[in-house]
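Chain naming here is simple, since letters A, B, ... match the order of the sequence lines and numbering starts at 1 in each. Note that these values count all heavy atoms, side chains included, but never hydrogens, waters or copies made by symmetry.
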Amino acid sequence: MMIENIPLIGIGYRYPLHQWTLDHLSHFDVLEVVVDHYLTGGPTYRDSLGTLIGEVPMTAHGIGLSIGSAEPMDYDYVERIAEITSLIGATNFSEHVAFTRSSGIDLANLLPLPKTRETLDFLVERLREVCRIMPVPVSLENITYLFDYNYGEFTDAEFLIRLCERTDTTLLLDIQNLYTNAVNHSFDPADFLDALPKGMVRAVHMAGGTEMEHVEIDTHSFPVRDEVLDLLGLMRTRQSPETIILERDGRFEEPDEMLADIERIRGLYDVEPRGFGHGPVAS
Amino acid sequence: MDPSLHSIQRRLITLLTTPDAFTADHPDLLAVGNEIGPDVARISLYAKLSHSKRIKKIESVLTQTLCHLGEPFYPLTLPFLKAYPPNSANRYDNAKQFFEFLVHRWQGRPKDRPYLLDLARYELAVADARTQPWVKEPAHAGRPDNPAEIRRSPSVSLIRCKYDVRPMLKQDDVIDAPEKRDLYLAIVFPRAAQKERVFEIGGDLAGFLAGLSDWRRINESIKGLDQLFDLELVEGR
């Protein structure tokens, strides 16, 4: 019988919401820090985040690694984000199974990879290097894909399972992304969840998307849909993540929507805030 | 490294960063679609969404510039994409690319509103100053243990303008035509500040500070300084 972790429930730290985060810190058990924001945000960002380091547990999340780019890896970048991961005291580092750049062009947007044996072998070698350098365990996130390759050999779940097993990593399950892909590619997300071995999901992302041109888009800027919350409940029957992070990348003028979503997630797990953040912190 | 994986990534990303991808029946889009999958409309939508995201980054840096540019901005974004595919996720880098595009397109002199490039130059300098390290960090140290060397802090941006665009950045004033005059500005983001501080400085001082963008020996630097300010300097130990 799987012993369930009581997950830490929190949000992704975003500088535009710094003061709001400080004012509501008692609602959050954990903050997820995007290491690339720390890298490029300058002293203002770093000083602001610095007021929170040590006040509340943190995890590290990357967006710039482009793990799937079929080019030499930027070891300098990996070492820098490893340093930041240590600096903030993160317990875990996560990145996306995707690529964002090739041949000097950086789309800065996550692109899918063909789910083939060749890609798998390539990613395994790449990830072993990343794991060697990272000071904490590594989790891999599933991304959305508006288009897929017609020569893939695996389903999403099969590919991710093989990748995690061969690299001794875990899954950061983005449930909004799973929902988005299920809608756009007409598959049952429950099949994906059923396929995952118990214990594979170390962390969860929740977010809200929108529809555009009859396609679901993972804008991460709206409240969590009921269907996505239902999937979290379904996942809970087989997985025991350590953290559940609510992501928000836009519509920062409505931050209280995030509080409502945090309460919905807490309601599903029937857990109160851990009380790490003891009210407002002086900035 | 698998050549086929690299090849398809290169072709896909090249296509997604050109305006060709916005046209659902463009031959290049159809060719890539045939190679990787039938979702040509989805590939096209992805290209538009990525482009939109990039433009929002540029708008977040060049806010006033684009406000004053007005309607001509959006039609410019497609030739911009064609001439300057993205090479960074960073807002500043993308905004700088758009600035370079404008300089090239207008050949340094926009037809009307000739102050626009100075306004963009100013907003870029503020963005640059905001993200530069305030304290000396090993990556920028040069010779960290050499007290005989000085440099200008990276968090100080220097620009030269032909128009005094400073009043245009004050949101409570509506300025249509800034004063035309040659000026040098030093833009600083003090630590823990939420807003930049801007100093108008003389041309000679601007030149002196510009020469200190990298570490230089003090005695070499001071040779210029005493002449600049007509100072009598005594060499210390």
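Heavy-atom pairs under 4.5 Å with chain A peak, among B:H51, B:R130, B:K56, B:R42, at B:R42. Counting heavy-atom pairs closer than 4.5 Å to chain A, the top residue among B:N87, B:D39, B:I13 is B:I13. Among B:L16, B:T131, B:T14, B:I36, the residue with the largest count of heavy-atom pairs under 4.5 Å with chain A is B:I36. In terms of heavy-atom pairs under 4.5 Å with chain B, the best-connected choice from A:L111, A:T40, A:T44 is A:L111. The greatest number of non-hydrogen atom pairs below 4.5 Å with chain A, out of B:L49, B:L45, B:T17, is found for B:L45. Of the residues considered (B:P86, B:A41, B:G37), B:P86 shows the highest number of contacts with chain A, using heavy-atom pairs under 4.5 Å.
A salt bridge does not link A:R80 to A:E83: none of the charged nitrogens lies less than 4.0 Å from a carboxylate oxygen. Contact check on A:K115 versus A:E158 returns no salt bridge, with no Lys/Arg side-chain nitrogen under 4.0 Å from an Asp/Glu carboxylate oxygen.
Applying the salt bridge (charged side-chain N to carboxylate O under 4.0 Å, His left out) definition to pairs two or more places apart or across chains, those involving residues 67-96 of chain B are B:K96-B:E100.
The 12-atom threshold is not exceeded at CZ of B:R197, counting heavy atoms of other residues, nucleotides or ligands nearer than 6.0 Å. For A:E211, the CD atom is densely surrounded, since the number of other residues' heavy atoms within 6.0 Å is greater than 12.
When heavy atoms are compared at a cutoff of 4.5 Å, B:S50 approaches chain A by way of both its backbone and its side chain. If you measure heavy-atom distances from A:T100 to chain B, the contacts under 4.5 Å come from the backbone alone. With a threshold of 4.5 angstrom between heavy atoms, A:I217 approaches chain B through side-chain atoms but not through N, CA, C or O. For a residue to count as touching a neighbouring chain, one of its non-hydrogen atoms must lie under 4.5 Å from one of that chain's; by this rule B:D128 does not touch chain A. At a 4.5 Å heavy-atom cutoff, A:D121 makes no contact with chain B through either its backbone or its side chain.
Looking only at atom types and distance, the side chain of B:Y122 has no donor-acceptor partner in the side chain of B:Q64 under 3.5 Å away.
Taking the ring centroids of B:F73 and B:F98, they lie under the 6.0 Å cut-off. Remark: aromatic rings of A:H205 and A:H220 are distant, center separation not under 6.0 Å.
Chain B is approached within less than 4.5 Å, heavy atom to heavy atom, by A:L146, A:F147, A:D148, A:Y149, A:N150, A:Y151 from residues 144-151 of chain A, ordered by number.
In terms of heavy-atom proximity, A:S66 sits nearest to A:F99 at OG-CA, 3.4 Å.
Using a distance-only test at 3.5 Å, with no hydrogens or angles considered, a donor-acceptor pair links the side chain of A:R126 to the main chain of A:S69.
Counting heavy atoms from C-beta outward, A:L140 and A:L163 have side chains that approach closer than 4.5 Å.
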